[in-house]
Asker: 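Let me begin by handing over the structure; questions about it come next.
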There are 2 protein chains.
Amino acid sequence: MPRENREEHTKERILDSAEVLFAQKGYQAVSVREITSAARCNLAAVNYHFGKKENLYLEVFRSRWVPRATRIRESFRKALAGQDSLSPPKVVRALAQAFVEGPLSDEERLRHSQLMTREMTQPTGAFELVAQEVIQPFFKEFADTLRSVQTDEMGQEQMLLNTFSIFSMVLYFNFARVAVSRITGREYNTDFRARLVEQITQFSLQGLGVSEMEV
Amino acid sequence: MPRENREEHTKERILDSAEVLFAQKGYQAVSVREITSAARCNLAAVNYHFGKKENLYLEVFRSRWVPRATRIRESFRKALAGQDSLSPPKVVRALAQAFVEGPLSDEERLRHSQLMTREMTQPTGAFELVAQEVIQPFFKEFADTLRSVQTDEMGQEQMLLNTFSIFSMVLYFNFARVAVSRITGREYNTDFRARLVEQITQFSLQGLGVSEMEV
DNA sequence: GTTTGTATCAAACGATCGTTTGAATGTCAA
DNA sequence: TTGACATTCAAACGATCGTTTGATACAAAC
């Protein structure tokens, strides 16, 4: 690295700015000039470091989104590893906490959900990456963990749909903040996030047919 | 109307094409040329009939999205009006059916969810319209209906959060089709949609704490 | 038949887009 | 000190964007 660092490498600053802007506005709505301006570098830097805008978008998922998803997943694992014995309430609460309170800052969490929601509504090349490396494995891990502590017999499809039901709440309460805040009249502060974790946990446990309220 | 109709007025054809394209790609990703080309009319027609592109986007919500939301709402109402007596299972199933099977064609349902999801993730001027005229009232109507047939006492906030939990599933199973289909390995045909209605209904009822499986 | 108003059209406007260019600037090994 | 290489920069490229213009076609009113 010939040139000395100015706080952070240009390439990293571009990735940081790009992630924020892509999450906020979407791929098409963000111009290369907007990104390089926010990253305080020259316009040509994007093409020099990434070849073209589309590659930058993919690199945002590779170098920013996937690691963050991994942190969420590890947060979920550690919460379970610290337990003497597992139970459905513990597993579900660990998931809700990992996503809604979790290891991320509030801004990170918002960006994370926004980027994922974008790829789910209109998948680009990044969806393949996200689906194969993150969503599918995490989804399977959660479903398997839950099944292993579940007393009831449950078919494979039933288990998948239940997992989707839980994930739908987790994701929705993140990406639809505007609507949720507007209707409930509550801001997304620490208190309300804790309240949401409880809501997701309790609703899901009952949805799963777990009647006992063990914690 | 001086000029004779060619199948349908130009203005209506523009609205039809615009809705499809905006739902598929989002506002910024769709060009005026793309819309007018799909509507088989001149480029200047958008500015002649709507003033500017942004107004066309708003008009799509006013003249296409809102009426469709109204049809869903009426479908929900009629399903309940045809009953002798109401119960939580009936109310929840009516909602799930209205959204997942409902009065819309499958393409309409997809477009509807996509446009709503877009406004929820990054609200534009259309969000105010959608929130005030549709989402808030419908949300309130459903919550009130459910409360009126609910035996348990439940606080206002708890009721709202439960409603959100139900809506999150309804919306998620619509807009996240790609992910759902990929992981479950099932297409969104009539069978699977009926299966999803059952999933949403059963999961929600248990989530609401309704143990008896009355239909 | 002339006028009036609506609608459509091809063509062009200036602005902005993603990308490329070539020179300038820096670092490090020889 | 020199040469090779990596990085940054201002400037420009052609393409496409939303929008405007002025001409034209057409139906109804007078």
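Below, chains carry the letters A, B, ... as their sequence lines are ordered, and counting in each starts from 1. All values reported here derive from a predicted model rather than from experimental measurement.
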Asker: Expressed in angstrom and rounded to an integer, what is the separation of B:K53 atom NZ from D:dC17 atom P?
Answerer: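 So the NZ-P distance, B:K53 to D:dC17, works out to 9 Å.
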Asker: Run the numbers on B:F175 and B:Y172 for ring pair (Phe, Tyr, Trp, His ring centres under 6.0 Å), then give the verdict.
Answerer: CA-CA 5 Å; B:F175 86 75; B:Y172 188 82; 5.5 Å; yes
Asker: So is B:K11 actually on top of B:Y48's ring, under 6.0 Å and inside 45° of the axis?
Answerer: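 Cation-pi check for B:K11 and B:Y48: fails.
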Asker: Calculate the interatomic distance between A:H9 atom NE2 and C:dG26 atom C1'; express it in whole Å.
Answerer: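 Nearest whole value for this atom pair: 13 Å.
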Asker: Can you tell me if the side-chain N/O atoms of B:K52 get under 4.0 Å from OP1 or OP2 in D:dG18?
Answerer: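 For B:K52, the contact criterion (side-chain N or O under 4.0 Å from OP1 or OP2 of D:dG18) is not met.
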Asker: Among D:dT7, C:dT19, D:dG18, find the nucleotide with the atom closest to the side chain of A:Y48.
Answerer: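 Nucleotide nearest to A:Y48's side chain: D:dT7.
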Asker: Once you round it to whole Å, what is the distance between P of C:dA10 and CZ of B:R40?
Answerer: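 After rounding, the gap between these two atoms is 15 Å.
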Asker: Can you find an N or O donor on one side and an acceptor on the other, under 3.5 Å apart, linking the side chain of B:N42 with the base of C:dA10?
Answerer: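 Present.
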Asker: Using whole Å, what does the distance between atom C1' of nucleotide C:dG18 and atom CG of A:N47 come to?
Answerer: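 From A:N47 CG to C:dG18 C1': 7 Å.
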Asker: When we call it a touch if two heavy atoms are under 4.0 Å apart, what does A:A44 touch: a base, just sugar-phosphate, or nothing?
Answerer: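 Contact class for A:A44: base.
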Asker: Check this one for me: any side-chain N or O of A:H49 less than 4.0 Å away from OP1 or OP2 of D:dT8?
Answerer: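 Looking at the OP1 and OP2 atoms of D:dT8, one of them is under 4.0 Å from a side-chain N or O of A:H49.
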Asker: Expressed in angstrom and rounded to an integer, what is the separation of A:Q28 atom CD from D:dG18 atom C1'?
Answerer: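 Atom CD in A:Q28 sits about 15 Å away from atom C1' in D:dG18.
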Asker: Whether the B:N174 and B:Q114 side chains hold a donor-acceptor pair (N or O, under 3.5 Å, no angle test) is what I'd like checked.
Answerer: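 Result is no, nothing qualifies.
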Asker: Ignoring backbone atoms, establish whether B:T10 has a side-chain N or O less than 4.0 Å from OP1 or OP2 of C:dT8.
Answerer: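 Yes, within the criterion.
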Asker: For A:R33 and A:A45, find the nucleotide of DNA chain D closest to each by heavy atoms; which residue's nucleotide sits nearer the 5' end?
Answerer: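 Upstream on the strand: A:A45.
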Asker: Provide, to the nearest angstrom, the distance between the NZ atom belonging to A:K11 and the P atom belonging to D:dT8.
Answerer: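 Computing the A:K11:NZ to D:dT8:P distance gives 11 Å.
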Asker: Atom CG of A:L43 to atom C1' of C:dC17: distance rounded to whole Å?
Answerer: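 A:L43 atom CG is separated from C:dC17 atom C1' by 10 Å.
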Asker: Would A:R193 and A:Q97 count as having a side-chain donor-acceptor pair, cut-off 3.5 Å?
Answerer: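 Distance-only check fails for A:R193 and A:Q97.
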Asker: Rounded to the Å, how far apart are B:E34 CD and C:dC17 C1'?
Answerer: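 Roughly 16 Å, once rounded to whole Å.
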Asker: Is a donor from one side chain sitting under 3.5 angstrom from an acceptor on the other, for B:T124 and B:E119?
Answerer: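 Looking only at side-chain atoms, B:E119 and B:T124 do form a donor-acceptor pair, the distance falling under 3.5 Å.
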